[in-house]
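All chains are named by letter (A, B, ...) in the order of the sequence lines, taking the proteins before the strands, and each is independently numbered beginning at 1.
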2 protein chains.
Amino acid sequence: MKFFSWNVNGFRSVLKKGFMDWLEVAEPDVLSLQEIRSEWEEVDLGVRRQLESAYDICWFPARSKKGYAGSATLTRRELGFTLTPGLGIEAYDAEGRMISAQRGELVFLAGYFPNASQGLVRLPFKRAFAQDLAKLVAAHHAAGRHVLMAGDMNVAPGELDLARPKDNLLSPGFTVEERADFQGYLAAGLVDVLRERHPGEPGLYSWWTARGGARERNVGWRIDLFLASQGLLERVQDAQIHANVLGSDHCPISLELT
Amino acid sequence: MKFFSWNVNGFRSVLKKGFMDWLEVAEPDVLSLQEIRSEWEEVDLGVRRQLESAYDICWFPARSKKGYAGSATLTRRELGFTLTPGLGIEAYDAEGRMISAQRGELVFLAGYFPNASQGLVRLPFKRAFAQDLAKLVAAHHAAGRHVLMAGDMNVAPGELDLARPKDNLLSPGFTVEERADFQGYLAAGLVDVLRERHPGEPGLYSWWTARGGARERNVGWRIDLFLASQGLLERVQDAQIHANVLGSDHCPISLELT
DNA sequence: CGTGATAAG
DNA sequence: CTTAACACG
């Protein structure tokens, strides 16, 4: 079962840049999209029909602000996932942040984690979100469920996960607070799958600023992640960063489960 | 002496679409631009230097709102025009509407006349502007000066001056009020030069909506005009609409004076 | 630097 | 439909 996650920075934008071609090649069984920045009705009708023919779709745009944030989860129809938009917490759900997809004892919890923003003005919001999410993961574990958490987490877990750690100690996405909250996910029993499989390997990034050729020079951040319950690790076949896939300032990441 | 007027709908935009090439071919002696929508400092430095090498330039952007309206007048340096931004009436001058260029007994009064706007919300403003301008023209005439008035006047003088007069009797640019105010310019002693030279000729337009191929089908309006003092008419060599010149939703117009 | 909303035309 | 400002990332 191939899981993908991609912050598309505007679904209508990435559609113009070959998203459907990518989809045909990647063949995800489960796909989380972030920053869809559109209502489902605003998406090209042909695309909608094509996607609906193969996938169960939970399209979850922000209610709070048009064209802002939002996420979607698509699961291959035959897999029979149950899709639930939101965490049941209005502040996050109004921004279309997280979607649950459940199938048996597996919960796929994916979406667009808040950005701490310029001046860290949304750091408190982001921290509350992370802490609420860690509690939810712990609750799933307590109930005997496995969790696969994915998305644009807007935090680089460690120094290895961004090209310029020293320059970004106070930047949104690398503050001590954000990294501490990330540790909270691990404390809840999750594992950063890609880092687990590539300990010590630098240069593995999933986001590059659009300014000044950062992507060509691979001056990036690894902020798009798959975190898996420890009990799920033996089922992980593969975890990848598809840095060659263009169309957004983020690239897709994937994880394969038996 | 070749006078040109062109609503460029964003000077930086038209620069990308070959404005400088057009300038080299057209060789205006005097050029009024409307809807420059930029500060002079925002214009490409090479372009600024090139223009400054040949022209005296009065760049008159709106103070009231960034990227809105504004006009400019460029006169060939050797002609020795005196350039004065504004009419001395704050409400108009804050929007960078009109520039005077004087040389001997000739006053070139050009710029971007207000648009009555959706719902005619600015019709009162536009009427006040037109009436103040007519008074100014009359004053110049009383003082023995000739006036050449030009620009995007945002009014089609008569039924012949737009493709769909019946459909636009209540539209901004063709209301009875706007046409009455246009008559005020004629009452002040000005003549619509192009119409004077082509009485009864339809299809002479200078603006076409960007929506739905209006320009290809020549469904347009003649709202960019040269009006000349009666005493100036014997010096008029030529008056043209350059409908083939692209780059804006308006095309340039010109008038040649001996 | 790019996406999308918005105001204005 | 297009320009430009703006918010956000």
Within residues 112-122 of chain A, those residues having any heavy atom closer than 4.0 Å to DNA chain D are A:Tyr112, A:Asn115, A:Ser117
Beyond-backbone contact of [X] with [Y], side-chain heavy atoms, under 4.5 angstrom:
{"X": "B:Glu42", "Y": "B:Phe11", "value": "no"}
{"X": "A:Arg195", "Y": "A:Arg222", "value": "yes"}
{"X": "A:Lys17", "Y": "A:Leu246", "value": "no"}
{"X": "A:Phe226", "Y": "A:Leu148", "value": "yes"}

With nearest nucleotide decided by heavy atoms, which residue, B:His250 or A:Asn9, maps closer to the 5′ end of DNA chain C?
A:Asn9
Of A:Lys16 and A:Arg211, whose closest DNA chain C nucleotide lies nearer the 5' terminus?
A:Arg211
Rounded interatomic separation in angstrom, taking [atom1] from [X] and [atom2] from [N]:
{"X": "A:Phe11", "N": "C:dG2", "atom1": "CZ", "atom2": "C1'", "answer": "18 Å"}
{"X": "A:Ile223", "N": "D:dG9", "atom1": "CD1", "atom2": "P", "answer": "12 Å"}
{"X": "A:Asp249", "N": "D:dG9", "atom1": "CG", "atom2": "P", "answer": "12 Å"}
{"X": "A:Met153", "N": "D:dG9", "atom1": "CE", "atom2": "C1'", "answer": "18 Å"}
{"X": "B:Glu42", "N": "D:dT3", "atom1": "CD", "atom2": "C1'", "answer": "13 Å"}
{"X": "B:Trp207", "N": "D:dC1", "atom1": "CH2", "atom2": "P", "answer": "14 Å"}
{"X": "B:Arg217", "N": "D:dC1", "atom1": "CZ", "atom2": "P", "answer": "12 Å"}
{"X": "B:Leu15", "N": "D:dT3", "atom1": "CG", "atom2": "P", "answer": "13 Å"}

Which one, [options], comes nearest to the side chain of [X]?
{"X": "A:Ser13", "options": "C:dG4, D:dT3, C:dG9", "result": "C:dG4"}
{"X": "B:Lys17", "options": "D:dC1, D:dT3, C:dG2", "result": "D:dT3"}
{"X": "B:Arg12", "options": "D:dA4, C:dG9, C:dC1", "result": "D:dA4"}

B:Ser32 side chain to B:Thr73 backbone, donor-acceptor under 3.5 Å:
no
Looking only at side-chain N and O atoms, does [X] come under 4.0 Å of OP1 or OP2 in [N]?
{"X": "B:Thr209", "N": "D:dC1", "result": "no"}
{"X": "B:Tyr68", "N": "D:dT3", "result": "no"}
{"X": "A:Lys66", "N": "D:dC8", "result": "no"}
{"X": "A:Lys65", "N": "D:dC8", "result": "yes"}

Can a cation-pi geometry be assigned to A:Arg97 and A:Phe113, taking NZ or CZ under 6.0 Å from the six-membered ring centre and within 45° of the ring axis?
no
In short, B:Asn154 meets B:Glu178 closest at the heavy-atom pair O-OE2, 3.6 Å
